[in-house]
Amino acid sequence: MHSRFCRNAIASTNDIQYDSATVEQTKQDAAAPKKIPVTVLTGFLGSGKTTLLNRILTENHGQRIAVIENEFGEIGVDQDLVINADEEIFEMNNGCICCTVRGDLIRVLGNLMKRRDKFDRILVETTGLADPGPVAQTFFMDEDIQRDFALDGIVTLVDAKHLLLHLDEANEAREQIAFADVIVLNKLDLVTDEEANAIEIRVRSMNALARVHRARMAEVPVAAVLDVGGFDLDRALDHKPTFLEPEYPFEWAGIFQTNGDLELEMDDGPDPTMTILAAPVASADAPSLAKAAEQAFKLFSRNNERTLNPGETMVVGEGQYILSLQGPANSKKVFKLSCPVKGALVAVFTQHLPIEFSMRVMQNAQALAPIIEKEYAAGHSHDDTVTSVGLSSERDLVPERFQPWLSGILRTQGKDIFRMKGIVAMAGDDRRYVFQAVHMLMDGQPDRLWGKTIRSSQIVFIGRNLDREQLTKGFNSCLA
Amino acid sequence: MPSLTKAPDDSPNTSSVWNVQLSGYPRALGCTEDGRTMAVGTDDGRVALISAPTGEVVRTLKLSSAPILALAFHKCLNLLAVSGEEGIVWVHDLATEQTTVAFETNDVWPQIVQWHPKHSKLAIAAGRGVRLWSTDGRSQPPETEVESTIAGLSWSPKGDALAVACYGGVRLVDQKSGRVTRRFQWKGSMINLEWSPDGKVIACGCQDSSVHFWRLATGRDSQMSGYPQKPAVIAWSHDSRWLATGGASEITTWNFKKGPEGTAPLQLRAHDLPITALQFAPAVNALASGSRDGEVFMWLPDEMDRPIRRFRLGARIEALQWTLDLANKRMLLVAAAAGGQVAAWPFS
């Protein structure tokens with residue numbers, strides 16, 4: 001219940017009722033007209049937004065489209081309406097980032113609703129330096145806009161040739177990628193295949209939720225950028241998030257055939273410590289190693305590591321250890337690895353490449369070679385502050401713990417969280433619970449029954465300076 | 001105050017004095033001071049001139065293929081100003097039936113037009129700029145630019161000042177020099193502006209779901225907060241007693257004769273959906289309200305918090321206008337709805 005009062009504006013901000021703003025989805029009754037979908041095109045100047053816009057408009061889609069253009073390009077269209085409008089960012093006096101909206105969109109979209117013949121779709125072409133946050137928030141914060149329009153998706157065009165430069169120089173470039181539902185890697189004819197792969201890896205490491213398309217002249221199928229359902233709860237995580245190997249906290253793994261205890265010998269390396277983990281595996285093949293890597297990933301994130309000095313013993317299957325490599329320079333450091341099961345296959349995961357520490361695995365004073373080994377490209381080799389963190393479990397979540405945890409995260413870190421999506425299994429509930437968020441604005445609801453699908457929970461955060469370890473810890477504490 | 005007013009009739013009153021169906025979506029509504037002619041601007045670029053007492057469409061001005069944005073009748077001259085989305089402001093002379101292009105804005109929407117209360121001077125808000133234009137061709141000061149697209153504009157009742165609302169508050173613009181002479185600040189976006197008829201207070205609805213008002217005498221900023229939605233429409237009563245504010249489904253009316261500082265507002269509840277139009281009658285404290293679902297209510301806030309009349313049109317109420325029907329010694333309330341329906345009901 002809202003109370004109304006009149007007072008002097010000075011010192012009144014404390015009284016403004018504001019909390020972490022759970023925006024309840026306003027269910028439209030059956031008679032209410034369908035919301036008009038809005039697609040937002042972002043991307044740096046020269047990334048090909050106008051080319052894509054023209055492609056969409058000239059395609060024979062049979063829809064009436066209105067275009068709101070913040071960046072005045074050359075669009076040639078006959079039947080569609082193009083409206084030029086300057087970006088106007090409206091911040092609120094309370095300083096809350098999630099209350100910041102785009103005044104130009106409110107005004108223009110409001111006018112577009114006052115027409116006898118409504119449009120089937122709206123496209124918004126933002127400027128190269130636009131922050132997608134206020135654009136997205138406009139569709140959740142302004143009641144009139146929320147009632148009549150649905151943000152379908154944010155499509156970000158990337159100039160493959162200049163992306164790395166843009167990423168290093170501008171927050172806006174990182175944020176446009178972070179907010180995207182669809183990323184078009186454009187102008188690939190101007191880079192080599194290796195460069196294209198590197199760009200895709202970098203982009204995916206920042207935004208695991210987006211669908212990524214490759215293009216030369218923005219020639220992506222129109223269906224790939226329209227009807228994305230990026231903010232549609234019913235379609236949350238329809239598109240499987242893509243997590244790349246660079247996210248592993250270790251750089252190398254190998255599976256060894258043991259025949260008793262092992263010894264790890266190493267020399268000085270670039271770091272004074274190295275984290276290591278050894279676990280039993282069923283077989284010495286790639287799937288087995290991949291499975292073990294997933295397990296190791298979870299264990300690495302836990303905060304139960306112990307520090308060992310040379311001469312001390314670690315045990316297979318007992319979590320990770322931090323090996324202290326301090327001691328006299330150029331001296332060999334030896335750690336014992338106790339293998340409780342004789343003849344077992346053991347996977348060893350190391351934080352750094354073994355070669356950096358000249359690590360040898362010894363058995364009975366003989367060097368032992370791994371049956372299979374794999375290097376994991378270092379996720380921290382570039383210092384992107386924008387990353388994706390995925391949390392998942394096959395166990396149910398306890399609602400009484402999960403809800404306060406999640407709203408606490410959004411309240412305290414919402415400024416740095418650009419997008420979040422999740423589907424979770426709540427203990428004692430037959431239905432899936434789906435939600436999504438933009439900064440602090442969250443929208444969630446119970447969804448269809450789990451039915452024959454295996455119950456599981458998955459949340460993906462895309463944000464700046466995300467603390468994977470803390471998030472994992474918090475999430476794990478909510479497990480039933 | 002004990003009320004002798006008849007209890008409200010809950011069934012919608014369909015007995016309109018007249019009812020017209022227009023081809024376009026009504027965007028702007030106005031009436032001449034003498035109550036003879038109404039104008040309805042629509043999204044098909046037309047302006048229908050309607051005889052206010054009878055509802056007869058006297059003439060239709062086909063001005064543009066783009067939607068009409070705003071229109072305004074001059075209080076004493078026979079002039080109608082109209083603006084449209086293609087960036088043109090027209091002036092139609094009701095006596096000679098001539099329409100001239102007064103001004104072109106170069107593709108920026110002239111969202112508001114308002115005549116000076118006495119002189120033949122027109123204020124036009126287009127984008128971030130406000131300009132003046134005069135029928136006598138006299139040169140006017142250059143465009144005054146403010147912080148954002150202008151969301152509200154009003155001459156003071158005496159015509160000695162011009163106020164515009166934008167992001168960051170209200171600016172008073174000097175009509176001779178075009179300079180901003182006074183600023184009323186609030187870090188937030190204004191969405192409308194109404195100057196009280198006694199000239200003492202400027203009020204604005206804000207995007208942050210509050211209403212701000214400034215008393216010109218002190219310049220002090222006051223805020224009414226706690227609105228569940230942004231107050232998209234606000235209106236003053238003729239005697240400056242009531243400021244009615246709407247946005248959500250209830251109308252919040254503030255009494256400026258008793259406060260409003262430290263007072264609780266009078267809440268008028270009857271609509272089910274958000275309020276889209278509010279207007280007070282010219283000489284009595286009768287308030288008309290319209291909502292998204294096409295409901296129209298009449299209220300007497302001096303007397304009670306229940307509506308006295310209820311009407312209904314088929315679609316969202318876009319605009320309301322009271323007119324004087326001098327021949328029949330009554331007032332008419334005219335409502336324009338999204339479907340193009342325009343209807344008038346009596347108030348006696």
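Below, chain A is the first sequence line, B the second, and so on; all start at residue 1. What you are looking at is a predicted structure, and each value in this text was computed from that prediction instead of being measured.
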Is [X] in contact with chain A via its backbone, its side chain, both, or neither, using a 4.5 Å heavy-atom distance?
X: B:Ile191; result: neither
X: B:Pro26; result: neither
X: B:Ser209; result: side chain

Could [X] and [Y] be called an ion pair, given the rule that one side-chain N must be under 4.0 Å from one carboxylate O?
X: B:Asp44; Y: A:Arg115; result: no
X: B:Glu85; Y: A:Lys114; result: no
X: B:Lys230; Y: A:Asp144; result: yes

For the residue pair [X] and [Y], what are the closest heavy atoms and their distance?
X: A:Asn111; Y: B:Arg27; value: O-NH2, 2.9 Å
X: A:Glu143; Y: B:Pro228; value: OE2-O, 4.0 Å
X: A:Ile83; Y: B:Trp109; value: CG2-CZ2, 3.7 Å

Legend entry - CG (A:Leu45) with more than 12 external heavy atoms under 6.0 Å: no

Inset, instruction - Report yes if some heavy atom in the side chain of A:Arg147 is under 4.5 Å from a heavy atom in the side chain of B:Arg292; otherwise report no. - result: yes

Inset, instruction - Report yes if some heavy atom in the side chain of B:Tyr25 is under 4.5 Å from a heavy atom in the side chain of A:Asp117; otherwise report no. - result: no

Legend entry - Residue, of A:Arg116, A:Met113, A:Met92, A:Arg107, that accumulates the most heavy atom pairs under 4.5 Å with chain B: A:Arg116

Legend entry - Region of A:Glu91 that comes under 4.5 Å of a non-hydrogen atom in chain B: both

Legend entry - Under 4.5 Å from a heavy atom of chain B, the part of A:Val101 involved: side chain

